[in-house]
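Read through the structure below, which is laid out as C-alpha coordinates, and then see the notes.
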Amino acid sequence: MGDGLGFTFTEEQEAFRQSIRQLVENKIRPRAAEIDRADEYPWDIDEVLVDGGFAGVSYPEEHGGAGGGAVELCLLVEEISRASAGVSLIPAVNKLGAIPILIAGNDEQKRMVSAGISEGRHRMSYCLTEPGSGSDAAAMRSLARLDGDGWRITGSKRFITGAGAADLYTFFAVTDPAGSKGKNITAFLVSKDMPGFSLGRKEDKMGIRGSPTREVILDDCAVSSANVIGEVGRGFQIALRTLDFSRPTIAAQALGIAQGAFDVAVDYCKERRQFGRAVSSFQGLQFMFADMAMQIETARLAVYRAAVAVDEGDPRVSYWAAIAKCWASDVAMDVTTNCVQALGGYGYMREYPVERMMRDAKITQIYEGTNQIQRVVIAREIFG
(Lines give C-alpha, C1' and ligand atoms only; values in the text may rest on other atoms or scores of the structure.)
Protein backbone atom coordinates (compact mmCIF):
# COMPACT_ATOMS: atom_id res chain seq x y z
CA MET A 1 0.00 0.00 0.00
CA GLY A 2 1.26 3.47 -0.80
CA ASP A 3 0.97 6.77 1.06
CA GLY A 4 -2.56 6.06 2.21
CA LEU A 5 -4.12 7.96 -0.71
CA GLY A 6 -4.03 5.33 -3.46
CA PHE A 7 -4.94 1.81 -2.37
CA THR A 8 -3.28 -1.06 -4.11
CA PHE A 9 -2.43 -4.24 -2.25
CA THR A 10 0.99 -5.75 -2.81
CA GLU A 11 1.30 -9.12 -4.55
CA GLU A 12 2.07 -10.68 -1.15
CA GLN A 13 -1.07 -9.16 0.36
CA GLU A 14 -3.22 -10.39 -2.54
CA ALA A 15 -1.74 -13.89 -2.20
CA PHE A 16 -2.38 -13.73 1.53
CA ARG A 17 -6.02 -12.75 0.90
CA GLN A 18 -6.47 -15.71 -1.46
CA SER A 19 -5.00 -18.15 1.07
CA ILE A 20 -7.40 -16.94 3.77
CA ARG A 21 -10.33 -17.05 1.36
CA GLN A 22 -9.57 -20.68 0.56
CA LEU A 23 -9.37 -21.56 4.26
CA VAL A 24 -12.69 -19.75 4.89
CA GLU A 25 -14.46 -21.63 2.08
CA ASN A 26 -13.04 -25.02 3.12
CA LYS A 27 -13.21 -24.83 6.91
CA ILE A 28 -15.15 -21.84 8.24
CA ARG A 29 -18.16 -21.27 5.99
CA PRO A 30 -19.40 -24.87 6.38
CA ARG A 31 -19.35 -24.43 10.17
CA ALA A 32 -20.69 -20.85 10.40
CA ALA A 33 -24.41 -21.60 10.93
CA GLU A 34 -23.67 -24.33 13.48
CA ILE A 35 -21.27 -22.09 15.45
CA ASP A 36 -24.03 -19.46 15.60
CA ARG A 37 -26.65 -22.01 16.64
CA ALA A 38 -24.59 -23.78 19.31
CA ASP A 39 -22.93 -20.59 20.60
CA GLU A 40 -19.85 -22.55 21.65
CA TYR A 41 -16.26 -21.44 21.08
CA PRO A 42 -15.03 -23.24 17.93
CA TRP A 43 -11.78 -24.77 19.20
CA ASP A 44 -11.49 -26.78 15.97
CA ILE A 45 -11.39 -23.57 13.90
CA ASP A 46 -9.02 -21.93 16.40
CA GLU A 47 -6.66 -24.87 15.83
CA VAL A 48 -6.98 -24.51 12.05
CA LEU A 49 -5.98 -20.83 12.30
CA VAL A 50 -2.96 -21.70 14.46
CA ASP A 51 -1.88 -24.58 12.21
CA GLY A 52 -2.20 -22.39 9.10
CA GLY A 53 0.03 -19.69 10.62
CA PHE A 54 -2.85 -17.18 10.69
CA ALA A 55 -2.84 -16.78 14.51
CA GLY A 56 0.52 -15.00 14.32
CA VAL A 57 -0.46 -12.41 11.69
CA SER A 58 0.49 -8.83 12.71
CA TYR A 59 2.72 -9.94 15.63
CA PRO A 60 6.37 -8.91 15.28
CA GLU A 61 8.67 -11.62 13.95
CA GLU A 62 11.43 -10.65 16.40
CA HIS A 63 9.12 -11.70 19.23
CA GLY A 64 7.95 -14.94 17.62
CA GLY A 65 5.04 -13.69 15.51
CA ALA A 66 4.35 -14.15 11.81
CA GLY A 67 4.92 -10.48 10.92
CA GLY A 68 2.70 -8.20 8.88
CA GLY A 69 0.81 -5.22 10.21
CA ALA A 70 -2.65 -3.73 10.56
CA VAL A 71 -3.34 -4.09 6.82
CA GLU A 72 -2.74 -7.85 6.97
CA LEU A 73 -4.81 -8.23 10.14
CA CYS A 74 -7.68 -6.31 8.52
CA LEU A 75 -7.47 -8.55 5.45
CA LEU A 76 -7.63 -11.62 7.71
CA VAL A 77 -10.60 -10.32 9.71
CA GLU A 78 -12.49 -9.03 6.65
CA GLU A 79 -12.22 -12.34 4.83
CA ILE A 80 -13.27 -14.43 7.84
CA SER A 81 -16.18 -12.06 8.59
CA ARG A 82 -17.62 -12.63 5.13
CA ALA A 83 -18.52 -16.11 6.41
CA SER A 84 -18.53 -15.85 10.21
CA ALA A 85 -18.25 -12.71 12.34
CA GLY A 86 -17.99 -14.87 15.47
CA VAL A 87 -14.89 -16.66 14.16
CA SER A 88 -13.31 -13.37 13.02
CA LEU A 89 -13.16 -12.36 16.68
CA ILE A 90 -10.59 -15.10 17.39
CA PRO A 91 -7.70 -13.14 15.79
CA ALA A 92 -9.31 -9.73 16.46
CA VAL A 93 -9.70 -10.21 20.23
CA ASN A 94 -6.33 -11.89 20.73
CA LYS A 95 -4.80 -8.79 19.14
CA LEU A 96 -6.97 -6.42 21.19
CA GLY A 97 -5.68 -8.05 24.37
CA ALA A 98 -2.11 -8.04 23.13
CA ILE A 99 -1.88 -4.46 21.79
CA PRO A 100 -1.26 -2.88 25.25
CA ILE A 101 1.78 -5.15 25.64
CA LEU A 102 2.99 -4.57 22.09
CA ILE A 103 2.89 -0.78 22.56
CA ALA A 104 4.00 -0.49 26.20
CA GLY A 105 5.22 -3.85 27.50
CA ASN A 106 8.77 -5.10 28.02
CA ASP A 107 10.50 -7.57 25.70
CA GLU A 108 9.72 -10.55 27.90
CA GLN A 109 5.99 -9.71 27.88
CA LYS A 110 6.06 -9.08 24.12
CA ARG A 111 7.68 -12.45 23.47
CA MET A 112 5.22 -14.26 25.73
CA VAL A 113 2.16 -12.94 23.92
CA SER A 114 3.53 -12.82 20.36
CA ALA A 115 5.01 -16.32 20.33
CA GLY A 116 2.32 -17.65 22.66
CA ILE A 117 -0.62 -16.51 20.53
CA SER A 118 1.11 -17.45 17.27
CA GLU A 119 1.79 -20.99 18.51
CA GLY A 120 -1.66 -21.41 20.10
CA ARG A 121 -0.40 -21.58 23.69
CA HIS A 122 -2.09 -18.34 24.76
CA ARG A 123 -5.30 -16.51 23.97
CA MET A 124 -6.03 -13.01 25.21
CA SER A 125 -8.88 -10.71 26.22
CA TYR A 126 -9.07 -7.00 27.00
CA CYS A 127 -10.76 -5.92 30.24
CA LEU A 128 -11.80 -2.27 30.28
CA THR A 129 -15.62 -1.98 30.48
CA GLU A 130 -17.28 -2.24 33.89
CA PRO A 131 -20.92 -2.51 35.01
CA GLY A 132 -20.91 1.21 35.87
CA SER A 133 -18.51 2.53 33.23
CA GLY A 134 -18.89 1.92 29.50
CA SER A 135 -18.27 4.98 27.34
CA ASP A 136 -16.86 6.77 30.43
CA ALA A 137 -14.11 4.19 30.88
CA ALA A 138 -11.95 6.40 33.13
CA ALA A 139 -14.69 6.18 35.79
CA MET A 140 -13.78 2.54 36.47
CA ARG A 141 -14.02 1.23 40.05
CA SER A 142 -11.58 -1.71 39.89
CA LEU A 143 -8.86 -1.04 42.43
CA ALA A 144 -5.26 -2.25 42.67
CA ARG A 145 -3.38 -1.61 45.93
CA LEU A 146 0.29 -2.11 46.63
CA ASP A 147 1.06 -5.25 48.61
CA GLY A 148 4.77 -5.68 49.37
CA ASP A 149 6.52 -5.74 45.99
CA GLY A 150 3.31 -6.63 44.11
CA TRP A 151 -0.34 -5.62 43.81
CA ARG A 152 -3.75 -6.87 44.97
CA ILE A 153 -6.57 -6.23 42.51
CA THR A 154 -10.31 -6.26 43.25
CA GLY A 155 -12.95 -5.41 40.68
CA SER A 156 -15.16 -6.75 37.92
CA LYS A 157 -15.28 -6.14 34.18
CA ARG A 158 -18.43 -6.56 32.09
CA PHE A 159 -19.02 -7.73 28.47
CA ILE A 160 -15.50 -9.12 28.02
CA THR A 161 -15.20 -10.67 24.57
CA GLY A 162 -13.33 -13.98 24.55
CA ALA A 163 -13.48 -14.38 28.35
CA GLY A 164 -13.38 -18.06 29.20
CA ALA A 165 -11.60 -18.99 25.97
CA ALA A 166 -8.70 -16.68 26.89
CA ASP A 167 -6.10 -17.56 29.53
CA LEU A 168 -4.42 -14.12 29.64
CA TYR A 169 -6.22 -10.84 30.32
CA THR A 170 -5.15 -7.20 30.05
CA PHE A 171 -6.89 -5.73 33.09
CA PHE A 172 -7.14 -2.01 33.88
CA ALA A 173 -7.46 -0.82 37.48
CA VAL A 174 -7.17 2.37 39.51
CA THR A 175 -3.84 2.42 41.37
CA ASP A 176 -4.14 5.90 42.91
CA PRO A 177 -7.70 6.57 44.16
CA ALA A 178 -6.75 10.14 45.13
CA GLY A 179 -5.16 10.85 41.74
CA SER A 180 -6.80 12.79 38.92
CA LYS A 181 -9.24 10.81 36.79
CA GLY A 182 -7.60 9.11 33.82
CA LYS A 183 -4.09 9.60 35.22
CA ASN A 184 -4.49 7.12 38.06
CA ILE A 185 -5.05 3.87 36.15
CA THR A 186 -2.57 1.06 35.49
CA ALA A 187 -2.65 -1.86 33.04
CA PHE A 188 -1.91 -5.35 34.34
CA LEU A 189 -1.35 -8.72 32.69
CA VAL A 190 -3.52 -11.22 34.57
CA SER A 191 -3.70 -15.00 34.14
CA LYS A 192 -6.79 -17.14 34.72
CA ASP A 193 -4.63 -19.35 37.00
CA MET A 194 -4.09 -16.58 39.55
CA PRO A 195 -5.93 -17.09 42.89
CA GLY A 196 -8.83 -14.65 43.08
CA PHE A 197 -9.60 -14.82 39.34
CA SER A 198 -13.09 -15.98 38.33
CA LEU A 199 -15.63 -15.62 35.53
CA GLY A 200 -19.25 -14.52 35.71
CA ARG A 201 -22.09 -15.94 33.66
CA LYS A 202 -21.84 -16.27 29.92
CA GLU A 203 -24.00 -13.71 28.12
CA ASP A 204 -26.66 -14.95 25.69
CA LYS A 205 -26.15 -12.57 22.77
CA MET A 206 -28.10 -11.50 19.71
CA GLY A 207 -25.07 -11.90 17.41
CA ILE A 208 -21.35 -12.80 17.27
CA ARG A 209 -22.32 -16.12 18.79
CA GLY A 210 -19.55 -18.69 19.19
CA SER A 211 -17.44 -15.90 20.70
CA PRO A 212 -17.98 -16.02 24.48
CA THR A 213 -18.78 -12.80 26.34
CA ARG A 214 -18.50 -12.96 30.13
CA GLU A 215 -17.81 -10.99 33.26
CA VAL A 216 -14.22 -11.14 34.58
CA ILE A 217 -13.99 -10.88 38.36
CA LEU A 218 -10.85 -10.32 40.46
CA ASP A 219 -11.21 -10.73 44.21
CA ASP A 220 -8.05 -9.69 46.04
CA CYS A 221 -6.06 -11.19 43.18
CA ALA A 222 -2.28 -11.11 43.83
CA VAL A 223 -0.37 -9.81 40.80
CA SER A 224 3.42 -9.44 40.62
CA SER A 225 5.03 -6.10 39.71
CA ALA A 226 6.49 -7.94 36.70
CA ASN A 227 2.91 -8.09 35.38
CA VAL A 228 2.48 -4.31 35.20
CA ILE A 229 2.19 -3.25 31.53
CA GLY A 230 4.12 -0.04 30.86
CA GLU A 231 4.27 2.57 33.62
CA VAL A 232 2.14 2.72 36.77
CA GLY A 233 -0.50 5.44 36.32
CA ARG A 234 -0.28 5.40 32.49
CA GLY A 235 -2.84 2.65 31.90
CA PHE A 236 -5.66 4.82 30.61
CA GLN A 237 -3.42 6.33 27.92
CA ILE A 238 -2.47 2.78 26.91
CA ALA A 239 -6.18 1.83 26.80
CA LEU A 240 -7.04 4.73 24.47
CA ARG A 241 -4.03 4.06 22.22
CA THR A 242 -5.08 0.41 22.03
CA LEU A 243 -8.53 1.38 20.76
CA ASP A 244 -6.95 3.58 18.05
CA PHE A 245 -5.08 0.48 16.86
CA SER A 246 -7.96 -1.97 17.20
CA ARG A 247 -10.83 0.06 15.73
CA PRO A 248 -9.69 -0.51 12.11
CA THR A 249 -9.90 -4.26 12.83
CA ILE A 250 -13.53 -3.92 13.96
CA ALA A 251 -14.16 -1.78 10.88
CA ALA A 252 -12.75 -4.65 8.80
CA GLN A 253 -15.11 -7.05 10.58
CA ALA A 254 -18.07 -4.81 9.72
CA LEU A 255 -16.87 -4.54 6.12
CA GLY A 256 -16.63 -8.34 5.84
CA ILE A 257 -20.14 -8.80 7.25
CA ALA A 258 -21.53 -6.29 4.72
CA GLN A 259 -19.66 -7.88 1.80
CA GLY A 260 -20.72 -11.38 2.83
CA ALA A 261 -24.40 -10.44 3.00
CA PHE A 262 -24.17 -8.51 -0.29
CA ASP A 263 -22.65 -11.51 -2.10
CA VAL A 264 -25.42 -13.83 -0.87
CA ALA A 265 -28.12 -11.33 -1.89
CA VAL A 266 -26.63 -10.75 -5.36
CA ASP A 267 -26.57 -14.51 -6.07
CA TYR A 268 -30.11 -14.90 -4.78
CA CYS A 269 -31.50 -12.04 -6.87
CA LYS A 270 -29.90 -13.40 -10.05
CA GLU A 271 -31.70 -16.73 -9.51
CA ARG A 272 -35.03 -15.62 -8.03
CA ARG A 273 -37.78 -15.07 -10.61
CA GLN A 274 -40.94 -12.98 -10.27
CA PHE A 275 -43.33 -11.78 -12.99
CA GLY A 276 -41.50 -14.03 -15.44
CA ARG A 277 -37.99 -12.62 -15.00
CA ALA A 278 -35.05 -12.51 -12.57
CA VAL A 279 -35.70 -10.00 -9.78
CA SER A 280 -32.22 -8.55 -10.48
CA SER A 281 -33.68 -7.04 -13.66
CA PHE A 282 -36.01 -4.71 -11.72
CA GLN A 283 -34.67 -1.17 -11.53
CA GLY A 284 -35.83 -0.57 -7.96
CA LEU A 285 -33.70 -3.50 -6.79
CA GLN A 286 -30.78 -2.51 -9.04
CA PHE A 287 -30.67 0.95 -7.47
CA MET A 288 -30.71 -0.58 -3.98
CA PHE A 289 -27.73 -2.77 -4.89
CA ALA A 290 -25.90 0.15 -6.53
CA ASP A 291 -26.28 2.12 -3.28
CA MET A 292 -25.00 -0.85 -1.27
CA ALA A 293 -22.00 -1.23 -3.58
CA MET A 294 -21.12 2.45 -3.09
CA GLN A 295 -21.37 2.06 0.68
CA ILE A 296 -19.23 -1.08 0.77
CA GLU A 297 -16.51 0.28 -1.51
CA THR A 298 -16.20 3.54 0.42
CA ALA A 299 -16.10 1.54 3.67
CA ARG A 300 -13.25 -0.52 2.22
CA LEU A 301 -11.30 2.67 1.42
CA ALA A 302 -11.88 3.92 4.98
CA VAL A 303 -10.84 0.60 6.58
CA TYR A 304 -7.54 0.31 4.73
CA ARG A 305 -6.80 4.05 5.04
CA ALA A 306 -7.05 3.58 8.82
CA ALA A 307 -4.97 0.38 8.71
CA VAL A 308 -2.23 2.24 6.81
CA ALA A 309 -2.41 5.02 9.42
CA VAL A 310 -1.68 2.42 12.12
CA ASP A 311 1.18 0.85 10.16
CA GLU A 312 2.77 4.19 9.28
CA GLY A 313 2.42 5.72 12.76
CA ASP A 314 0.20 8.49 11.40
CA PRO A 315 -0.35 11.15 14.13
CA ARG A 316 -4.01 11.34 13.03
CA VAL A 317 -4.61 7.63 13.61
CA SER A 318 -7.45 8.35 16.11
CA TYR A 319 -9.31 10.31 13.43
CA TRP A 320 -8.89 7.73 10.67
CA ALA A 321 -9.70 4.83 13.00
CA ALA A 322 -12.89 6.52 14.25
CA ILE A 323 -14.04 7.31 10.70
CA ALA A 324 -13.39 3.72 9.54
CA LYS A 325 -15.08 2.09 12.53
CA CYS A 326 -18.10 4.41 12.48
CA TRP A 327 -18.69 4.38 8.72
CA ALA A 328 -18.05 0.66 8.13
CA SER A 329 -20.30 -0.40 11.01
CA ASP A 330 -23.14 1.92 9.94
CA VAL A 331 -22.72 0.50 6.43
CA ALA A 332 -22.82 -3.08 7.76
CA MET A 333 -26.11 -2.46 9.56
CA ASP A 334 -27.63 -0.72 6.54
CA VAL A 335 -26.44 -3.27 3.99
CA THR A 336 -27.42 -6.36 5.97
CA THR A 337 -30.89 -4.89 6.60
CA ASN A 338 -31.32 -4.28 2.86
CA CYS A 339 -30.03 -7.77 2.02
CA VAL A 340 -32.65 -9.31 4.31
CA GLN A 341 -35.21 -7.17 2.44
CA ALA A 342 -33.86 -8.28 -0.96
CA LEU A 343 -34.39 -11.93 -0.04
CA GLY A 344 -37.98 -11.23 1.04
CA GLY A 345 -39.42 -13.90 3.34
CA TYR A 346 -36.35 -16.08 2.86
CA GLY A 347 -34.16 -13.31 4.24
CA TYR A 348 -35.94 -13.66 7.57
CA MET A 349 -35.27 -17.39 7.79
CA ARG A 350 -32.29 -19.02 9.51
CA GLU A 351 -31.80 -21.16 6.42
CA TYR A 352 -30.17 -18.16 4.70
CA PRO A 353 -27.13 -16.48 6.31
CA VAL A 354 -28.28 -12.88 5.85
CA GLU A 355 -30.40 -12.88 9.03
CA ARG A 356 -27.34 -14.01 11.02
CA MET A 357 -25.24 -11.32 9.35
CA MET A 358 -27.83 -8.68 10.23
CA ARG A 359 -27.69 -9.80 13.89
CA ASP A 360 -23.88 -9.82 13.80
CA ALA A 361 -23.68 -6.35 12.23
CA LYS A 362 -25.40 -4.58 15.13
CA ILE A 363 -22.59 -5.06 17.67
CA THR A 364 -20.07 -3.37 15.36
CA GLN A 365 -21.90 -0.08 16.00
CA ILE A 366 -21.58 -0.60 19.76
CA TYR A 367 -18.32 -2.18 20.86
CA GLU A 368 -14.81 -0.69 20.74
CA GLY A 369 -16.51 2.62 21.46
CA THR A 370 -20.09 3.30 20.35
CA ASN A 371 -20.57 5.18 17.10
CA GLN A 372 -21.68 8.18 19.15
CA ILE A 373 -18.24 8.14 20.79
CA GLN A 374 -16.59 7.81 17.34
CA ARG A 375 -18.39 10.97 16.27
CA VAL A 376 -17.06 12.73 19.39
CA VAL A 377 -13.50 11.65 18.45
CA ILE A 378 -13.95 12.87 14.85
CA ALA A 379 -15.46 16.21 15.93
CA ARG A 380 -12.64 16.75 18.44
CA GLU A 381 -10.14 16.36 15.58
CA ILE A 382 -12.09 18.83 13.46
CA PHE A 383 -12.60 21.55 16.09
CA GLY A 384 -9.62 20.87 18.37
Side-chain angles (χ1 to χ4, degrees), residues 9 12-61 63-99 112-126 161-168 192 202 205 207-213 246 249-250 252-257 259-261 263-264 353 356-357 360 363:
F9 294 107
E12 290 84 1
Q13 287 165 339
E14 284 295 355
F16 174 63
R17 187 197 281 278
Q18 288 307 319
S19 65
I20 310 159
R21 193 167 289 182
Q22 197 168 2
L23 179 90
V24 169
E25 292 307 318
N26 294 342
K27 302 285 187 182
I28 297 174
R29 194 178 298 283
R31 288 269 284 115
E34 175 54 30
I35 289 166
D36 177 69
R37 196 160 41 243
D39 193 22
E40 286 171 8
Y41 187 81
W43 286 105
D44 59 324
I45 302 296
D46 183 305
E47 198 175 314
V48 164
L49 292 171
V50 172
D51 291 347
F54 294 109
V57 169
S58 82
Y59 295 89
E61 289 181 58
H63 297 300
V71 171
E72 285 74 16
L73 184 62
C74 285
L75 283 168
L76 177 65
V77 169
E78 182 197 338
E79 288 296 328
I80 296 174
S81 300
R82 290 181 182 204
S84 170
V87 171
S88 77
L89 285 169
I90 296 175
V93 171
N94 276 336
K95 188 65 190 288
L96 175 62
I99 290 170
M112 182 170 87
V113 303
S114 295
I117 290 170
S118 302
E119 295 162 16
R121 287 180 285 108
H122 292 305
R123 282 147 196 92
M124 290 198 75
S125 281
Y126 178 85
T161 311
D167 62 299
L168 295 177
K192 68 170 187 177
K202 184 174 165 227
K205 305 189 303 296
I208 56 164
R209 296 168 67 79
S211 172
T213 302
S246 65
T249 316
I250 295 306
Q253 181 191 44
L255 170 62
I257 293 168
Q259 186 70 63
D263 292 344
V264 169
R356 164 167 53 85
M357 290 163 170
D360 288 339
I363 192 62

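No side-chain heavy atom of L76 sits under 4.5 Å from any side-chain heavy atom of T249. Contact of the P91 side chain with the V57 side chain is not registered, since no non-hydrogen atoms from C-beta on lie closer than 4.5 Å. Within the 4.5 Å cutoff, the side chain of M124 has heavy atoms near those of the I117 side chain.
The backbone N or O of I208 lies less than 3.5 Å from no partner atom in the side chain of S211, so there is not a single donor-acceptor pair. Remark: the backbone N or O of D36 is paired with a side-chain donor or acceptor of R209 at under 3.5 angstrom. Under the 3.5 Å distance criterion, the side-chain polar atoms of R29 are left unmatched by any main-chain donor or acceptor of N26. A donor-acceptor pair under 3.5 Å is formed between the side chain of N94 and the backbone N or O of I90.
Here the CG atom belonging to L168 is positioned 9.5 Å from the NZ atom belonging to K192, to the nearest 0.5 angstrom. Summarising the geometry, atom OG1 belonging to T161 is positioned 8.0 Å from atom CD1 belonging to I250; distances are rounded to the nearest 0.5 Å. Note that the CZ atom of R17 and the CD atom of Q22 stand 15.0 Å from one another [nearest 0.5 Å]. Separating the OG atom in S118 from the CD atom in E61 is a distance of 10.0 Å, to the nearest 0.5 Å. With rounding to the nearest 0.5 angstrom, the OG atom of S84 is 9.0 Å from the CD1 atom of I257.
Under a 4.0 Å N-O distance rule, the pair K27/D44 does not qualify as a salt bridge. Using a 4.0 Å cut-off between charged side-chain N and carboxylate O, D167 and R121 make no salt bridge. E34 has no carboxylate O lying under 4.0 Å from a charged side-chain N of R31, or vice versa, which leaves the two without a salt bridge.
Among residues two or more places apart in sequence or in another chain, the side-chain hydrogen bond (donor to acceptor under 3.5 Å, both in side chains) test is passed with S88 by S81, Q253. With sequence neighbours excluded, no residue forms a side-chain hydrogen bond (donor to acceptor under 3.5 Å, both in side chains) with E40.
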(message) side-chain contact (heavy atoms from CB on, under 4.5 Å) for S246 and Y126? Distances and angles first, verdict last.
(response) CA-CA 11 Å; S246 65; Y126 178 85; over 6 Å; no
(request) Check step by step if side-chain contact (heavy atoms from CB on, under 4.5 Å) holds for I80 and L89. (result) CA-CA 9 Å; I80 296 174; L89 285 169; over 6 Å; no
(request) Please report the C-alpha distance between E119 and V50 in whole Å, then the side-chain angles of each, then the deciding distance to 0.1 Å, and finally whether the side-chain contact (heavy atoms from CB on, under 4.5 Å) criterion is met. (result) CA-CA 6 Å; E119 295 162 16; V50 172; 5.7 Å; no
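Nearest heavy atom pair, residue E72 against residue F16, reads O-CE2, 3.3 Å.
Residue pairs meeting the salt bridge (Lys or Arg N to Asp or Glu O under 4.0 Å) criterion with at least one member in residues 80-99, sequence neighbours excluded, are E78-R82, E79-R82.
For E25, the CD atom sits in a packed shell: over 12 heavy atoms of surrounding residues, nucleotides or ligands are nearer than 6.0 Å.
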